[in-house]
Each structure stands twice: as C-alpha cells, then as structure tokens.
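Notes follow once the structure below has been shown.
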Protein chains: 2
Amino acid sequence: MTLPVQSSLTPFLRTLELRSRLTEDERRAILALPFHPIHVAANQDFIRQGDVATHSCFVLEGFVGTFGQNKRGDRQITSVFVKGDMVDLMTVVVPECVWSAQALIATTILQVPHSALRQAAADFPGIAEAFWRECVINSALLNEWVMNVGRRDARSRLAHLFCEIACRSGYQPAGAPFTFPFPITQFQLADMLGLTPVHVNRTLKGLRDDRVVDLAHRAVQILNWDRLAQVGEFDATYLQLRGGGSACQTPSAAEQTQMWVLQ
Amino acid sequence: MTLPVQSSLTPFLRTLELRSRLTEDERRAILALPFHPIHVAANQDFIRQGDVATHSCFVLEGFVGTFGQNKRGDRQITSVFVKGDMVDLMTVVVPECVWSAQALIATTILQVPHSALRQAAADFPGIAEAFWRECVINSALLNEWVMNVGRRDARSRLAHLFCEIACRSGYQPAGAPFTFPFPITQFQLADMLGLTPVHVNRTLKGLRDDRVVDLAHRAVQILNWDRLAQVGEFDATYLQLRGGGSACQTPSAAEQTQMWVLQ
DNA sequence: CGATTGTTTGACGGGTCTCAAACTAAGTGG
DNA sequence: CCACTTAGTTTGAGACCCGTCAAACAATCG
C-alpha cells in the first residue's frame, strides 16, 4: 500500500503538508481526489462574483488573482495564487462567491468537486483540519495585504509584494542575487497594489535605479534581497511556510504546539 | 435535556447560528464551553504580534480591532470585531499570532481555552464546520477591506465602513434615519481606513453637510441609508448574514445548498 | 473646575493620478 | 524571416487628493 507516485494533485498534497501533518491514509485520500483539468487563457475570468461554486480550483500551472471592482471599473486584486495553491477552498463551506477570479496568465486549473472534498474532510479529521488551516493562512495573507495597501507607500508596496511572491513561489532568498519568473504586467501590478500603472512604472524605475530589484522580460531579478525586504518591511512569518518548501524564516513557534485538532 | 437558558456564551452561539445549523447537542456543547472573563481598558493591547495563543477571545461587550504597524509607527487596523464576534478563532489551527489586537473601547472578553474548542470540534463535526465557516467569513470581510482601502477614496471608504458596522451590529437599515452607538474616535477611524485623522475629519464634515451620515457623541446617525450605501458601494452579500440576526440582504443562494460537510 | 482627550480648521507640501504620446517587445500572418 | 499589429513600457506636464504641521476649540472625566 504505497502512495501513487504520480498524480496531478501531488503539488496540492505538498502545499497542505507545508503546514499540516497528514497520515498515510490521508495522503492517499488527497491524491485520490477526482478532478477535471481546464485551461484558462490570460485575462479570462473563471469565477464570477455571485457564482455558487460546486468545485474548488487548484492552480496546477500559472497565476490567478481574485478581485473586485468599484463602480468606476477600477479593479482591486485582493489575492494572488501561484502554482500549488487552491484558489477557493473556502467555497466548500461558503459556496457563494463574493469575488471574481481571473487567470493572470495562461493557466491550468484542476477543478475538484466539493462533494469529493467534503467526503475527504468527513472521512479524515486531519484533512478537515488541513483545509481549515489553509483557509486561515489565506486570511493571514489578506491581513498583510490590507497593511500593504493601507499603510505603505508605492515603493514599499512593490517591494513587499515581490518578497511575498518570491517566498510563496518557493524561492529561497540568499545573499546572492537571483531571478524568478513573474509574467505579470504593470497594469496587473497596479491592480494588486491599489496604484495606477503609470505610478507603478515610475516606482519600478526607482527600485531598478537603486539596484534593489528589477522586473523585465517576465521575470523578477532580485538584486539585493536584504534591502528589498527592508524597503518592503517584509517578515515572512505570516506565510507560515515552515516545513521543507521554502526557508524564508526560522521554524515557527507554532511548530511545537499541538497540531492535531479534530480526532 | 433542554438548553441552559442563560450563559455568557449565548451570543457566541447566536453568531454561529447566523451562518451554520447546529444540532441540539452541538448547541449544548457550545454553551458548556469553559471561559474566563477579562476586562480590557480602552486602547489596551491584549494580543501582541508573535504571541502563541492558548485560548480564543470572544467579545461579550465592546469593540476590538486587530492591527499591524509599519516602521514609522503608522497603525493599520485590518479587522474590527463587535459584540458577539470571536476575535481569533483562527488561532485554534494556527496559534502563532501575526497581528496584535486592541480594545478600541473598554471591552469585556471571554477567553475560551483552545483545548475546549478543539474538543468540541473533535466531538461534533457540525461545530468543526461552523468554526471553519466563521474563519472563512472573516476572510471575506478582509477581502472587502482590501477593496475599500485599495480602490475607494476617503468618502467611499468611510461610507462603506459605516454600512458594514451597521449591518454587523445588527441594525436593520430601513428608509427612515436611525442611530447606533459607535464610540470610536476619528484617530481610530483613520487607522481603519488608511487615512489621517485630519482627513477623516474633513471627509466626515462633507458627509454631514450632505446629510448622508453623521458621527457625533459616540454614535453614528444614518441620515440617508440609500445614499450612504451608494457612496460606499455597499452590498451586504459578503457579510453572509442570512438567518434571523440582520436582514441587510435577501436570503443567499447558498442557503439552498448543502450545509453539512463533516459528518 | 481643571486636565485630558478628541474635534475642527487653516496653510502648505508632496505623493499619486490623469491625460497624452512616444517607444519597445511580443505575437501573427504572409 | 520579415512586415505588421497589438500589447506593454516609458516619459512628461499638470492637477488633485490626501498628508503634515500647527493651533484653537469642544467634550468628557475626575
């Protein structure tokens, strides 16, 4: 009785295990979840505000953003999701969508039926808890997003976003400069940060001129991680990325506490 | 075997039942939770960033805000909690606090031990699900808060906040003007909205002069709900306040869908 | 009644927005 | 592989929303 070696949901399992401990049975149950893959073109909405979800969307490849709009049509992206993230696990318990989701680049989504997710959560308390925990970590990200948009200027906002994306994408900031793919336009960045594209461009120029970070050719080039983190006031604790995935931080204090709630 | 008629946790049960259906046994288990009451003075922090929580904090009376600070010391309040809310139910599954919490006015908190909350969730799937759902709804509020701070001007932000607080406090906007207690200073409002106290004051004056809303003597006076909701682009759907508590919206589509996940 | 906290108003400066246009990179079809 | 088209980036000039600093005023509390 070994785990299936290959499954498209392996990255989902890996994400869950960044923050939750699962038994062998639970791992198997995750990998055995049914799914339906779909391809979503860049700039295409695949969840619309008001939809009642019947499945959750896992990002196998690509970038996804959830957003709302004001009456002028200005868009605010409230969360971004990278490879390995489940966009809307929360719809399992609150199926009515109060935001829209869009593929920021060409993206592959695996739709996992709520019925199967519910069954897995019902059968395995550890899975229910892991799902709950993922939702809570999502809200920690939102919390930081509010901080970013509410109380930091354009330069800090950009720096903070780059730091967060680097860590969440699994890149390990070391002393040396490094590069990671980030095929996001300045328009999309503006929508994430509550700024205008023009101002994003100028601020980006400032960071480039100061040799902190550069965005070009669909990639972010971290020139000086320490200064970037300083400018963005970045502390990775809130990402809760203990475990093997990324080592942006020291092991969290929570690690020593009871992790198993539902049993 | 009837429910205890009186318990300090009755309002907690009422909040849960706004969005989740509980069995008789589950209701009893909620009311039987142990707790320890504390009084927190205005402007006093009772959770500090970095704390590892061992209990969750229920607001029996008062106002609470969670916040972060940037290096200049500017504070951003990311969520507010009113009578009947659990401030940090999420710490049951992620005990490390990534924000601080402060009483915005003199407040009575009931501390409920994580061990008891865990036991209740483990014993009753319906409770586990209700807790999970509360966390998800919290993140929906955060989502809207990002929208507010990111893509609305000062006037809209204020209007939106007043609408949200009115609905969450259980006031039922009708055609006629109405008043509800809101003992929050303009400094605190500024920290919620990502503005300065001076600008909050001027914006408040604008709304007062236009006979939309007034804030004075620790109370909000809604002069024209329709215009307020229009200015704030307010749609109460995201509050998920179906059920008896408040009727800011029509019954949600989610109401017809399966509500029981973990059984 | 005095002390403290919170509100209101003014003058000025700055960060960000708006509008507009030139420039560059990426994608397409012949 | 080259024109062509489209999408995205860069830069400039001016305006506006909001921030900053400062001081007077009002409300609350002991």
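Hydrogens, waters and symmetry mates are skipped; everything else that's a heavy atom, side chains included, is used. Just so we're on the same page: letters track the sequence lines, and every chain starts at 1.
- Regarding A/L104, its CG atom lies at a distance of 17 Å from the P atom of D/dA7, rounded to whole Å.
- Each end of the helix from C/dC1-D/dG30 to C/dG30-D/dC1 yields a helix axis from five base pairs, and these two axes differ in direction by 50° (to the nearest 10 degrees).
- Taking B/D153 as the reference, nothing meets the salt bridge (Lys or Arg N to Asp or Glu O under 4.0 Å) condition, with sequence neighbours excluded.
- Each ring pair (Phe, Tyr, Trp, His ring centres under 6.0 Å) pair with one or both residues in residues 40-60 of chain B, not counting sequence neighbours, appears once here: B/F12-B/F58.
- With rounding to whole Å, B/R72 atom CZ is found 11 Å from C/dG15 atom P.
- B/L195 places its CG atom 14 Å from the C1' atom of C/dT16, with the value rounded to the nearest Å.
- Between A/I105 atom CD1 and C/dA26 atom C1' the separation is 15 Å, expressed in whole Å.
- Within the structure, the salt bridge (Lys or Arg N to Asp or Glu O under 4.0 Å) test picks out the following pairs touching residues 41-62 of chain A (sequence neighbours left out): A/E61-A/K83.
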For a quick test of your reading: what N or O donor-acceptor pairs under 3.5 Å do the side chains of residues 136-143 of chain B make, sequence neighbours left out?
residue : atom : partner : partner atom : Å
B/S139  : OG   : B/V136  : O            : 3.1
B/N143  : OD1  : A/T78   : OG1          : 2.8

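- Scanning for salt bridge (Lys or Arg N to Asp or Glu O under 4.0 Å) contacts around B/R75 gives an empty result, with sequence neighbours left out.
- Sorted by first then second residue, the salt bridge (Lys or Arg N to Asp or Glu O under 4.0 Å) pairs that include residues 174-203 of chain B, not counting sequence neighbours, are A/R151-B/D191.
- Checked against a 6.0 Å centroid threshold, the rings of B/F182 and B/F63 count as neighbours.
- Salt bridge absent: A/E233 and A/R155 never bring a charged side-chain N and a carboxylate O closer than 4.0 Å.
- Residues from residues 150-158 of chain B lying near DNA chain D, meaning a heavy-atom separation below 4.0 Å, are B/D153, B/A154 in numerical order.
- For B/R208, the salt bridge (Lys or Arg N to Asp or Glu O under 4.0 Å) test picks out B/D214, with sequence neighbours left out.
- By the salt bridge (Lys or Arg N to Asp or Glu O under 4.0 Å) test, A/D226 is found to be paired with no residue, residues two or more places apart in sequence or in another chain being considered.
- Residue A/H217 places at least one side-chain N or O under 4.0 Å from the OP1 or OP2 atom of C/dA26.
- Distance CG (A/L193) to C1' (C/dC17): 15 Å, rounded to an integer number of Å.
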Whether each nucleotide of nucleotides 4-14 of chain C has a protein heavy atom under 4.0 Å at its base (B), only at its sugar-phosphate (S) or at neither (-) is summarised, 5' to 3', as --SBBBBB---
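- Scored by the ring-ring contact (aromatic ring centres under 6.0 Å, His included) test, B/F67 finds no partners at all (sequence neighbours excluded).
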